[in-house]
Every structure is written in C-alpha cells, then in structure tokens.
Number of protein chains: 2
Amino acid sequence: MATRTNGKSGKQPTINDVAALAGVSKKTVSRVINRSEFITEKTRKAVQQAIETLGFVPNPQARALAFRRNFLIALLHDNPNPQMVLNFQQGVLDAIKDSDLAMIVRPVDRGSDRLLDDMRTFLEKQRPIGAMLLPPISENDELAALCDELGVRYVRIGSALLDDARHCVSSNDREVVAEAVGKLIDLGHRRIGFVRGPAGFRSAAEREKGFHEALAQAGLSLADENFAAGNYRFATGVEAGRKILSQPAPPTAIFCSNDEMAAGVISVAHDKGIRVPGDLSIIGFDDSPTATHIWPALSTVRWPIREMGMRAARTLVAEFLGPEAKIAESDSPVLPSTFIERQSVAAPARN
Amino acid sequence: MATRTNGKSGKQPTINDVAALAGVSKKTVSRVINRSEFITEKTRKAVQQAIETLGFVPNPQARALAFRRNFLIALLHDNPNPQMVLNFQQGVLDAIKDSDLAMIVRPVDRGSDRLLDDMRTFLEKQRPIGAMLLPPISENDELAALCDELGVRYVRIGSALLDDARHCVSSNDREVVAEAVGKLIDLGHRRIGFVRGPAGFRSAAEREKGFHEALAQAGLSLADENFAAGNYRFATGVEAGRKILSQPAPPTAIFCSNDEMAAGVISVAHDKGIRVPGDLSIIGFDDSPTATHIWPALSTVRWPIREMGMRAARTLVAEFLGPEAKIAESDSPVLPSTFIERQSVAAPARN
DNA sequence: TTGTAGGCGTTATCAA
DNA sequence: TTGATAACGCCTACAA
C-alpha cells in the first residue's frame, strides 16, 4: 500500500503531497524547508510554489522526532516580578515571531530541594533547544551545569555578567545605580539612606556596590541608622521606612533597591507627614508599573527587559531566526539600563 | 539490521529497551504506559519493573507524532495585566504539575487584522490539545470558532459567562461590584462617581451593570458629571479624576473599574489636596500589586485568578490530570470574586 | 544537485 | 490478553 499522497483527504498536506505536486522527492522538499544550499534555484522555486498552493506547514512533532529535539525554547523563572517576566516573554516572542520556534514557560520553586530533579525531568521530557534562566535562579550554577549535561543550550539573565558572553545577557546595575545616586549628590544631598535587597541576590549586591561607589566618590559614607535590608517586597520597604524615618534627623534622600520597597518607604513618609520630594527624595529601581502609579511618581531605573528577552532568544538560537538576528562578536551582552527622573526627587530643602 | 535495543548506548532508554528487558512486545509496554485495561496484572508489573530499572521516560515527541497531537495546552492572551497573566499561568501549572502536559504561552495582538491568521498558523503548527483564552481576546467569538474548526479544545476566561460551562470559566464581576458599591451606600455615600473601562470590553460592561444595580436598589442614580470613561490605564484614571474632582461639589466616593485607574484618581486627589478617604472614598478592581503599593491602600475586588487558571486547565484536560481534577456536573464555572476592604474607604465626612 | 532506503520512538490495526 | 507490522511526517546517510 503506497503512502497516502492526496492533499484533499481532509487532513493537513504532508511533505509527500508537496513532493508529488512539485514532481520531486520528499527529500528535496525537506531541503527547501531547511534552507539547504545544494538546491537549484529552479527546483527551489517549484517546491516553494507547491508548498504555497497546498498551504503546507511542516509538522513540528515529526521534525522534533527526527531532529531528536523540540523546536522550543524554555523560559525558567522564579517569578521575580510579574511585569518583568511578562516583558521578557514579550521580548522573546518578538525575536521568535517569524520563526518555527515556540516558547514554553516553566515557573520553578527556587526553595525546593527537588529543584534540580524537577528541572532534569522537565528538560529531558521537553527537550527544548535552549533554556533562558531569569534571575534569581539564573545565579544558580548547578542549573547551568545541568543544561550543559543535557545538551540544552542556556542563557542566564542577570544584573551583571554571570557567565561568558555566549551564555549571558545582563544589565549594568552597578553603574546605573552609581549614576542615579550621583544625581542625588549633585543636587546637594549628603545624608543618603539605602535600602538593600535580599542577601544572596546578585542584583542586590550589584546595586549596593553602585550605591557605595557613588558615595565614596563624593567622600561620603553610609551611616548604619540610614541603612535597612529588605527582600524586594513592599512590606520590607515599610519596615525600612519606619526604621530610617523615625530618627530625629533622617536622611534627605533614600535609594531603594527596587520600586516596591520604594513604594513602602513613600507610604511611611505619607503616614508621618514627611513630604516627598520636599523633605525626602526617593529613588527606586525597575520602573515597574508601581513607579508611575504611586504619588508622587517615582524616579527609578529602567531595565531594558524586553530587549533582554529578545537578545536572550537571539543569543540562544540565532541560526533559527532571520539573518538580522545574528549577534556580532563585538556586541556586548550588557544592555544598559536608564535612569528615569520623575517627581520623587528634588534638591534637599536645607543644608 | 535490528533496531538497537541496548539501554546503555549513552542515550535515553526507549520503549524497545523496556520491551526487551521485560520480555514482551513494545505494544504491551505502550499499553502499560497508556493505562490500557487489557493487561494482566502480572505483565503490567513486569513492565513497570523494567520501566523503573531502566528509568524509562516516554518520548513526548514520538507520542505527539503518533497521537497526532501535542501534549501541550496553549495560553493565549493580549497582556491585559501582567500580574493576572502570571497568576493565571501559575494556576495552570498547579493543575498540570504532575501530568505529562506542558504549557506554551502566546501573546497576541488583539488589534492586528492578521490575528485570526496568526492564531490559525500557531494552532496548526503546535497542535495543542487545548487553548485557554484570557480576556479580552476571550470575548472574540471568531477565535473560539477557529479552535472548534481546528479540533482544538478551548476555554474562555471572562467576567461573565461567555459560553457554555464546558468552554468557560468566569468571575462574577456584576455581583461583586454591586456588593462593593452597596457598602459605600451603607456607609452613607449618596453622590458616587463611576469610572468605566473601555467600550467593547465585557468586563467593563459587567462592572458598569453592577454599579448601576447597586445605585438603583438604593434609589440613586449617576449624574453625568460624576461619570468618566477610561481604558483601564493609569493615564485615563488621571483624566477621569481631573474631570470628576474639578467640580465645586464632587462626589464623596468613586468606583473605578480597575485599580490602575483608581490609582490615577487618587493621584489627582493628592494633587488637589483632597484627602483619601477623609474627603473621598475610592474603590478599585483587580487587587493588583498597585492596590497595596499606593497610599492609602486601595479597597478593591480580588479576582480568584490563580484558581481560575487551575479550573481552566481542568476544564480543558481533566482526563490527563489526576482523578482529583475531575469537575463535577454540579460545579459552577463561575468562581466568585471577593471584595477587599483597605484604607481608601470611609464614611463621608458630612452629609 | 537529487533520490533511495532506513530510522527517530511511539501508537493503531488486526490477527493470533 | 498479546504481538507483528504498518503507520505518523520528517530527516540522515549514502548512492546516483
């Protein structure tokens, strides 16, 4: 019994239908699909023609089986912040839009002791071409090693270079925080508070370094009573605000390591009748929706997260995307962040 | 040449390896994998044994090819709000955690005139078992029809019943808005403003109905000057606030159809020196992160979005999940929302 | 440059 | 209840 080759049996047309219509072998069609070089322009056109008249779409499942690899890229994250995850997804999808790739999303539990096993099962089952690791799990070296072991490409997203350029996309948190705090100093602020992110997070460490760099450059230092450690959540911003703003002579400005904590500090200021920015300037980090929704609107740092998503996808699977997706050797894996000035910053009322 | 059947060639063991080790045919192994009934307990155990010693995991790509169907469920959304999308994803993943299913995510552009074509290509390529449509694209009947045509199951998420119970998961926006506005009335508010969502959105219409229901029940009505139409974005909340709060005798309370617009109204109130909730009570909708990040914290309505994600997955693919995922006939597809009281609501200062 | 034969790992068919 | 054989749709190796 010959393979069914009619294109009208109600099913999707297959490579056989295309081959029959174009009068070539299915291998030739396969070559056209996969952009092989060894094809005469003439046959290529004939095959293209047949593909179009039939509306043929290669079956990804069959390709996946033959290639021993799924045309998927996986996004692994621990939900650092929804806006970021979604913006990143958007960037990835911008990059793979016209390709054969799809994205699967996998939230993971960074705290779980089964994390590595879960990831192994997931990667073995899905066999994605590559995986993108968002912070903070991107900082986990064991995960990267696991990807290597399983032959899954990976890219780690971070606040600083976490790996070599082929495996990393990052922002420049340290630099841009130094710049932001520098602006506070230029405005005349001398007593500047700092709310740190959670211990063990690279982003928290980088932002802290940037803060101290700026202070050191101006010959300033951070007093213990102007420092608080949070965990990037609103509630810890409130705690930080209560601690720092309860002093008789609180600082005239506070740099918070993310917007959510900055919102917490601002809300304490409102409670205490401290005017922002009149009495207190505040800077956050992330440019989250919160930054513009609170009052006054928050000066903050914008991560180019959508661009990072696009870059991550290109770093991972450039050859599956168009030629414009190619990344030059000279392209840095560091995508610069931007300081955004809004209403929460002003010169200090008095010296 | 016989099929390679050694389990040690560095590759994953296949069904052949299992069959060889258990001394049965591969079809029998297949039956065990797929929980066929026509298997002696004895052979079943022998096969199980072999599966475990080999650490065999069925290859999803091969299954997908043979089944002509990918073990995927697709999440289609138009990014209504990141928190919601991510919470929904989380719910879906809760549901499919221990199954063979994975989730692919596909943001779409509701405005694009290629929307239907894009969706068709996507669904034909990926061949997911089912698709989940988030609002507002869930309201698009053509999309649902497309799913039907392609043999892809679907579930539509909405603010009200958009389809029959097998194709729908919804909240009860109308009721809960009526309840929330009822509370304002109980507190003594008589002049209550309303900021509507964008025209053409079912959620906006449902919330509007709920608002008018509550007013009607108390014999009140909405004055034109206390009404504004927004598009769910912060900026339109600001516009609405400017319009409604510029009157000589503005309302003592405003219901906003989502949190983002409520934040805009509150920010205008701050600008004008109108105290919230002293002079003006505000209620939002969504219980987004913004609701707790602004000052004062916003009374709002919480959508059970994570539960809806879980329910959507179960509605779609109950038979792939455990028996506990089964949905009874009597289970309503409506998951009730909850009114959350925070600091933005109080009794009016004077009558 | 193109085609033939065979394999990827699973399920379906139908006979035993 | 089980198994041999043929799909599923595409790709690789090798031959022409």
Side-chain angles (χ1 to χ4, degrees), chain A residues 1-7 9-20 22-47 50-51 54 56-71 100 124-127 129, chain B residues 1-7 9-20 22-47 50-51 54-71 100 124-127:
Chain A
M1 196 96 10
T3 307
R4 195 184 305 154
T5 49
N6 64 325
S9 63
K11 294 288 165 199
Q12 299 276 336
T14 76
I15 199 171
N16 289 310
D17 303 321
V18 176
V24 297
S25 78
K26 59 191 211 177
K27 178 59 211 177
T28 301
V29 177
S30 169
R31 288 201 177 91
V32 172
I33 295 171
N34 294 293
R35 300 199 180 85
S36 161
E37 299 171 28
F38 310 103
I39 286 273
T40 358
E41 186 55 23
K42 194 176 149 195
T43 34
R44 207 189 61 72
K45 274 199 173 158
V47 173
I51 288 180
L54 254 43
F56 166 71
V57 180
N59 179 316
Q61 287 75 51
R63 304 186 83 201
L65 183 57
F67 274 124
R68 294 133 154 264
R69 155 136 305 184
N70 232 324
F71 285 71
D100 290 333
E124 280 180 345
K125 259 196 191 162
Q126 298 302 331
R127 293 176 214 231
I129 296 174
Chain B
M1 197 91 15
T3 308
R4 195 184 304 156
T5 49
N6 63 326
S9 64
K11 294 288 163 200
Q12 300 275 336
T14 76
I15 199 171
N16 289 309
D17 302 322
V18 176
V24 298
S25 78
K26 58 195 214 175
K27 180 60 207 175
T28 301
V29 178
S30 170
R31 288 198 177 93
V32 172
I33 296 171
N34 294 293
R35 299 198 181 83
S36 161
E37 299 171 27
F38 311 103
I39 287 274
T40 358
E41 187 55 22
K42 195 177 148 196
T43 33
R44 208 190 59 74
K45 276 202 172 154
V47 172
I51 287 179
L54 254 43
F56 166 71
V57 180
N59 178 316
Q61 286 75 50
R63 303 186 83 199
L65 181 58
F67 274 126
R68 293 136 152 261
R69 166 138 290 191
N70 231 325
F71 285 72
D100 290 332
E124 281 182 347
K125 258 195 192 162
Q126 299 302 331
R127 293 175 213 232

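In this text the structure is predicted, and so the values were computed from the model without any measurement. Just so it is clear, the values below take in all heavy atoms, side chains as well, and ignore hydrogens, waters and symmetry mates.
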Rounded to whole Å, CG of A/L65 lies from P of C/dG6 at a distance of 18 Å
Whole-Å distance, B/K45 NZ to D/dT1 C1', equals 18 Å
d(A/R63 CZ, A/N34 CG) to nearest 0.5 Å is 5.0 Å
Here the distance between atom P of C/dT2 and atom CD of A/E41, to the nearest Å, is 11 Å
A/R69 CZ to D/dT12 C1', in whole Å, measures 16 Å
ask   = Looking only at side-chain N and O atoms, does A/T14 come under 4.0 Å of OP1 or OP2 in D/dC8?
value = no
Smallest heavy-atom separation, B/V47 atom then B/V24 atom, equals CG2-CG2, 4.0 Å
Atom CD of A/E37 and atom C1' of C/dT2 are separated, to the nearest Å, by 16 Å
- Task: Would you indicate, yes or no, if C/dT11 has its OP1 or OP2 atom less than 4.0 angstrom from a side-chain nitrogen or oxygen of B/N34?
- Result: yes
- Would you say a side-chain N or O of B/S30 is under 4.0 Å from OP1 or OP2 of C/dA12? no
- Considering only heavy atoms from C-beta outward, does the side chain of B/I33 approach that of B/I15 to under 4.5 Å? yes
d(B/R68 CZ, A/Q61 CD) to nearest 0.5 Å is 11.5 Å
Sorted by position of nearest nucleotide on DNA chain D, 5' first, the leading residue of B/F38 and A/Q61 is B/F38
What are the atom names and distances for every N/O pair under 3.5 Å that joins the protein to nucleotides 3-5 of chain D?
unit_1, atom_1, unit_2, atom_2, d
D/dG3, OP2, B/S25, N, 3.0
D/dG3, OP2, B/S25, OG, 3.2
D/dG3, OP2, B/T28, OG1, 2.4
D/dG3, N7, B/R31, NH1, 3.3
D/dG3, O6, B/R31, NH2, 2.6

dist A/L65:CG -> A/R127:CZ (nearest 0.5 Å) comes out at 9.5 Å
Minimal heavy-atom distance between A/I129 and A/N70, with the atoms involved, is CG1-O, 3.2 Å
Whichever of B/V57 and A/I39 has the more 5' nearest nucleotide on DNA chain C, that residue is A/I39
Separation between OG1 (B/T28) and CD1 (B/I39), nearest 0.5 Å, reads 5.5 Å
Of all heavy-atom pairs linking A/A46 and A/A22, the shortest is O-CB, 4.2 Å
The complete set of salt bridge (charged side-chain N to carboxylate O under 4.0 Å, His left out) pairs with one or both residues in residues 23-44 of chain A, sequence neighbours excluded, reads A/E41-A/R44
From CG of B/N59 across to P of C/dG7 the rounded distance in Å is 18 Å
Separation of C/dG9 atom C1' from A/R68 atom CZ, nearest Å, is 10 Å
Side-chain contact check for A/I15: nearest option of D/dC10, C/dT10, D/dT2 is D/dC10
- Message: Under 4.0 Å from OP1 or OP2 of D/dT2: is there any side-chain N or O of B/T40 that close?
- Response: yes
From CZ of A/R35 across to C1' of D/dC10 the rounded distance in Å is 16 Å
Overall bend of the helix from C/dT1-D/dA16 to C/dA16-D/dT1 (five pairs an end, 10° steps) is 30°
The reported gap from CD in B/Q126 to CG in A/N59 (rounded to nearest 0.5 angstrom) is 10.0 Å
